[in-house]
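Both ligands and their constituent atoms are indexed starting at 1 by order of listing. Heavy atoms only: backbone and side chains are in, while hydrogens, waters and symmetry mates are out.
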Amino acid sequence: MEKIIVRGGQRLYGTVKVEGAKNAVLPVIAATLLASDGKSVIRDVPTLSDVYTINEVLRNLNAEVSFDNNAVVVDASRVLKEEAPFEYVRKMRASVLVMGSLLARNGRARVALPGGCAIGSRPIDQHLKGFEAMGAKVKVGNGFIEAEVDGRLRGAKIYLDFPSVGATENIMMAATLAKGTTIIENVAKEPEIVDLANFLNKMGAKVKGAGTGTLRIEGVDVLFGADHAIIPDRIEAGTFMVAAAITGGNVLVKGAVPEHISSLIAKMEEMGVTIIEEEEGVRVIGPEQLKSVDIKTMPHPGFPTDMQSQMMALLLRAEGTSMITETVFENRFMHVEEFRRMNADIKIEGRSVILNGPSNLQGAEVSATDLRAAAALILTGLVADGVTRVTELKHLDRGYVNFHEKLAALGADIERVKEVEETIVEFPKYVTDLNA
Ligand SMILES: CC(=O)N[C@H]1[C@@H](OP(=O)(O)OP(=O)(O)OC[C@H]2O[C@@H](n3ccc(=O)[nH]c3=O)[C@H](O)[C@@H]2O)O[C@H](CO)[C@@H](O)[C@@H]1O
Ligand SMILES: C=C(OP(=O)(O)O)C(=O)O
């Protein structure tokens, strides 16, 4: 089993560079399927397990995909297959993002139902509602969702009940090749939505309004491969900002875009952290004593749910009582029990968590319950007394490239090891007698 071992107590200093954003690259790679002519070149792609998974999904659909030197090249000009099997969707829910492109290109898509996961039930009803409004017939059965349209999808007016990131992306991709104009209201405004729209427009699509609450997409007849560099990962940036703040260090997070993380910057400043916008990124200087604050996760530009567990780690070290309310996912507090194993004074009350700080954190063996929890537990290990061992690193590898190496370069005492399982063999009594 692989573990990350952290010995707490080191302040972090130096510069760390953020990778391209996982949550931008996955929909962009799914969108390359829309190009029936020419290759797409996607640059600044992080070497994450999720990227390898989406590449496999595309290969399985008959696209030609290569991934070298942080560039993914996709040729989707061949006739595509239409099924994304469960083995991929189980590994990574974002596999459902190929549905909009396939439906638009092929008039048919069959994608395994994603099921729930550690952070909530995560239905995709809003994605399907959009496809149906554009004329698709959607059927769910035998663990699959099948969507089919007679001829071409048609432009439609769609209102999302919640500004879902995935639904906005999937419907936007489908609408690019529809006949007529699609208007989607109450859409997500995340920077990753803007990045996807920019890529689609480079492919020849006509998408307007990305970053606002309403998208207007004029359908075109054909899309072409395009060249695109992915935006920096605001969640990876935020995670290193917390690493600097929690250790009372001084770190330049190179590539962090302040406008993408304004809610995080505001909350960290309220906690007494010094944040300086520099030409190359954002510098974070941790104070001697952090102050408590309340946080509520919300769709962008509200506080991102993907930074909730890392901020929980930071608030464990703050003086006073803090409250974190999770409004985006109904079950994103699995890490609380793991923090308790590290002696955190923390309790769940409905959709909120109450923290009394500063907790006297102690190293322990803890298990990553999801991707951001993995990072948060490692951050906590940086300031805990003694040794913290974090397991279930498959979650971490979905979203962070060389996380422990980047922290070590900033001065953390951290290593990643492969430990051989210790098996306790009980010998029968006569064997012990023979050895006596
Ligand atoms: C690959 C990717 O980009 N993942 C991000 C994306 O996930 P994802 O796109 O899955 O997140 P959504 O914005 O769709 O989900 C937000 C909430 O809406 C609900 N919902 C969503 C769709 C739907 O059809 N019906 C429905 O009820 C979900 O269960 C959840 O409670 O946005 C989340 C919210 O910022 C982030 O935490 C994820 O990191
Ligand atoms: C929840 C996340 O990702 P996904 O939607 O891919 O599970 C995340 O990036 O924190």
Side-chain angles (χ1 to χ4, degrees), residues 19-31 46 48-51 53-54 57 88-100 111 113-133 138 140 145 158-173 184 186-196 230-231 233-239 260 263-264 297-311 326-332 334-335 351 368-376 394-400:
E19 314 276 330
K22 164 183 94 78
N23 288 349
V25 77
L26 299 175
V28 163
I29 292 179
L48 298 170
S49 61
D50 272 13
V51 171
T53 305
I54 193 96
V57 174
Y88 302 118
V89 183
R90 180 178 49 189
K91 261 200 221 157
M92 187 191 69
R93 298 177 47 85
S95 308
V96 300
L97 291 175
V98 298
M99 198 161 186
V111 175
L113 260 175
C117 77
I119 61 176
S121 66
R122 306 185 75 176
I124 56 162
D125 55 301
Q126 299 301 304
H127 306 225
L128 304 182
K129 171 171 119 172
F131 299 150
E132 279 175 334
V138 177
V140 180
I145 318 152
I158 300 155
Y159 172 82
L160 298 182
D161 297 343
F162 180 88
S164 152
V165 172
T168 303
E169 292 166 346
N170 233 341
I171 300 169
M172 175 169 36
M173 289 189 260
I184 325 172
N186 197 27
V187 293
K189 301 175 190 154
E190 270 70 0
E192 293 76 19
I193 302 285
V194 179
D195 203 37
L196 174 63
I230 294 295
I231 54 168
D233 195 315
R234 64 194 164 102
I235 306 300
E236 192 204 7
T239 304
H260 291 176
S263 59
L264 176 66
T297 66
M298 306 272 265
H300 193 77
F303 192 89
T305 172
D306 292 351
M307 279 303 299
Q308 180 249 102
S309 37
Q310 302 91 311
M311 275 305 264
E326 173 61 58
T327 76
V328 179
F329 290 108
E330 76 273 15
N331 189 28
R332 205 170 193 178
M334 300 285 280
H335 40 284
R351 296 195 77 159
T369 48
D370 72 58
L371 152 59
R372 305 304 167 187
K394 63 174 188 288
H395 296 297
L396 183 75
D397 297 337
R398 287 193 48 221
Y400 294 90

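Atoms of ligand 2 found under 4.0 Å from any heavy atom of Leu371 (numbered from 1 in listed order, with element): 8 (C), 9 (O), 10 (O). Residue contact check: Gln126 has heavy atoms under 4.0 Å from atoms 23 (C), 24 (O), 25 (N) of ligand 1. The atoms of ligand 2 that sit less than 4.0 Å from any heavy atom of Ile119 are 1 (C).
Residue Ser164 has at least one N or O atom closer than 3.5 Å to an N or O atom of ligand 1. Between Arg93 and ligand 1, no pair of N/O atoms sits closer than 3.5 Å.
Distances from atom 2 (C) of ligand 1 to the protein include at least one heavy-atom value under 4.0 Å.
Residue contact check for ligand 1: Pro123 places a non-hydrogen atom closer than 4.0 Å to it. Ligand 2 lies nowhere less than 4.0 angstrom from a heavy atom belonging to Ile235. Residue contact check for ligand 1: Arg332 places a non-hydrogen atom closer than 4.0 Å to it.
The residue from Arg372, Arg332, Met92, Glu236 that puts a heavy atom closest to atom 9 (O) of ligand 2 is Arg372. If you check each of Asn170, Asn23, Ile54, Ile171 against atom 5 (C) of ligand 1, the one with the closest non-hydrogen atom is Asn23.
Protein heavy atom at the shortest distance from atom 9 (O) of ligand 1 is Gly166 N, 2.8 Å. Residue, atom and distance of the protein heavy atom nearest to atom 13 (O) of ligand 1 are Val165 N, 2.8 Å.
Looking at Lys129, its side chain does come within 3.5 Å of a backbone N or O of Tyr159 through a donor-acceptor pair.
Residue contacts with ligand 2, taken as heavy atom pairs separated by less than 4.0 Å, do not involve Arg93 at all.
Of the charged side-chain nitrogens involved, none lies within less than 4.0 Å of a carboxylate oxygen, so that Lys22 and Glu236 do not count as a salt-bridged pair.
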